[in-house]
A.B. asks: 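My questions will all concern the structure given below.
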Amino acid sequence: MLTVAVLISGTGSNLRALLDAADDPGFPARIIVIGADREADGLAHAEAFGIPSFVVPWEAFDSREEWGAELDAQLRVWNPDLIVLSGLMRLLPHDVVAAWAPNIINTHPAYLPEFPGAHGVRDALAAGVGETGASVIVVDDGVDSGPILAQERVPVHEGDTEATLHERIKPVERRLLIDVVRRIAEGELDLGARPSPN
Ligand code: GRF
């Protein structure tokens, strides 16, 4: 059984979908802990499912590196096989990526490498494209630049706002994320070995 830690910043709707999927005894992965960089609304899903959670508050640290060191320490307590960034709106510092790569994946509301970064939906709208998409990638040191594991196109409709377009993208993100986690757990997708922890 693949053990998974999920990190969030927001409402956790993608997290919720993964929790629902993993609730099926036939699903080959189990979410063992949920972490956040703030008192995120999505932590309520952890409570609803009886799953432990932790917060490493971004504001409490002087630097990204110090914040990351505490996040890493929390993750090591649980030692998950896979870390899923599901709307975590922070870049992980190099040391955290190095410690857990390649077993960190991220969902992104655009068809990478198009529109990376924190405003993927807004940027697609501003560019006036007819379609954007959703992607699931392996996290590396760049901004949404790691290997693409799954992606799908999503149309932009006339009159779309950032909110309406994002709501059309999110169900696709959820489906892709659940499928990627399942494929990793079943060995169909091999991310490669994690270097031994130091
Ligand atoms: C997702 O679109 C994610 O890719 C983006 O933020 C959204 C997370 O939403 N970075 P939620 O917290 O899962 O509702």
Side-chain angles (χ1 to χ4, degrees), residues 4-23 29 31 33-49 51 53-58 64 67-68 71 82-93 96-97 104-127 129 131-157 160-182 184:
V4 180
V6 183
L7 302 181
I8 63 168
S9 293
T11 54
S13 63
N14 289 348
L15 160 69
R16 174 64 195 229
L18 193 56
L19 284 166
D20 284 336
D23 216 26
I31 299 172
V33 68
I34 293 159
D37 64 336
R38 67 183 76 165
E39 292 295 339
D41 290 348
L43 290 170
H45 299 308
E47 209 177 315
F49 279 74
I51 292 172
S53 65
F54 62 82
V55 177
V56 182
W58 174 258
R64 180 182 310 279
W67 172 77
L71 181 67
L82 180 72
I83 299 170
V84 174
L85 309 188
S86 183
L88 179 74
M89 299 306 282
R90 306 279 173 201
L91 280 184
L92 296 179
V96 177
V97 175
I104 316 178
I105 64 173
N106 186 26
T107 67
H108 184 72
Y111 199 87
L112 292 167
E114 300 167 6
F115 312 116
H119 304 294
V121 180
R122 190 186 306 171
D123 294 345
L125 261 188
V129 292
E131 53 179 14
T132 178
S135 307
V136 179
I137 62 169
V138 177
V139 173
D140 66 7
D141 275 327
V143 178
D144 300 321
S145 56
I148 293 164
L149 299 171
Q151 60 185 169
E152 199 171 302
R153 285 290 184 188
V154 175
V156 179
H157 292 172
D160 258 344
T161 61
E162 186 176 352
T164 59
L165 180 54
H166 204 168
E167 285 313 308
R168 189 171 319 111
I169 292 170
K170 275 187 175 187
V172 180
E173 269 191 87
R174 287 172 202 146
R175 182 160 40 75
L176 294 179
L177 175 64
I178 292 165
D179 193 51
V180 163
V181 171
R182 185 189 55 73
I184 292 170

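No experiment lies behind these values; they were computed from the predicted model shown. For ligands, and for the atoms within them, numbers begin at 1 and follow the listed sequence.
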A.B. asks: Is atom CD of E131 surrounded by more than 12 heavy atoms (other residues, nucleotides or ligands) closer than 6.0 Å?
C.D. replies: yes
A.B. asks: Taking the side chain as every heavy atom from C-beta outward, state whether N106 and D144 have any atom pair closer than 4.5 Å.
C.D. replies: yes
A.B. asks: Look at atom 6 (O) of ligand 1 and find which of G87, A17, G117 reaches it with the closest heavy atom.
C.D. replies: G87
A.B. asks: Starting from atom 12 (O) of ligand 1, locate the nearest protein heavy atom and write down its residue, its atom name and how far away it is, to 0.1 Å.
C.D. replies: G12 N, 2.7 Å
A.B. asks: Counting each atom of ligand 1 from 1 as listed, which ones have a heavy atom of M89 under 4.0 Å away?
C.D. replies: 10 (N)
A.B. asks: Under 4.0 Å from a heavy atom of T107: give me the atoms of ligand 1 that qualify, with their elements.
C.D. replies: 3 (C), 4 (O)
A.B. asks: Does W58 reach the main-chain N or O of R38 with its side chain, forming a donor-acceptor pair under 3.5 Å?
C.D. replies: no
A.B. asks: I'd like to check which ligand 1 atoms, numbered from 1 as shown, lie under 4.0 Å from a non-hydrogen atom of S13.
C.D. replies: 11 (P), 12 (O), 13 (O), 14 (O)
A.B. asks: Hey, is R16 touching ligand 1 through its side chain, its backbone, both or neither, going by heavy atoms under 4.0 Å?
C.D. replies: neither
A.B. asks: Would a distance-only check, ignoring hydrogens and angles, find a side-chain to backbone donor-acceptor pair under 3.5 Å from R168 to P155?
C.D. replies: yes
A.B. asks: Which option, N14, L18, V121, owns the non-hydrogen atom nearest atom 13 (O) of ligand 1?
C.D. replies: N14
A.B. asks: K170 heavy atoms, cut-off 4.0 Å: which ligand 1 atoms fall inside?
C.D. replies: 7 (C), 9 (O), 11 (P), 14 (O)
A.B. asks: What I'd like to find out is whether the side chain of H108 reaches to under 4.5 Å of the side chain of I137, using heavy atoms alone.
C.D. replies: no
A.B. asks: Can you measure from CG (L19) to CD1 (I34) and round to the nearest 0.5 angstrom?
C.D. replies: 5.0 Å
A.B. asks: Do the side chains of V129 and F115 get nearer than 4.5 Å, heavy atoms only?
C.D. replies: yes
A.B. asks: For atom 4 (O) of ligand 1, tell me which residue out of R174, E167, H108, E173 has the closest non-hydrogen atom.
C.D. replies: E173
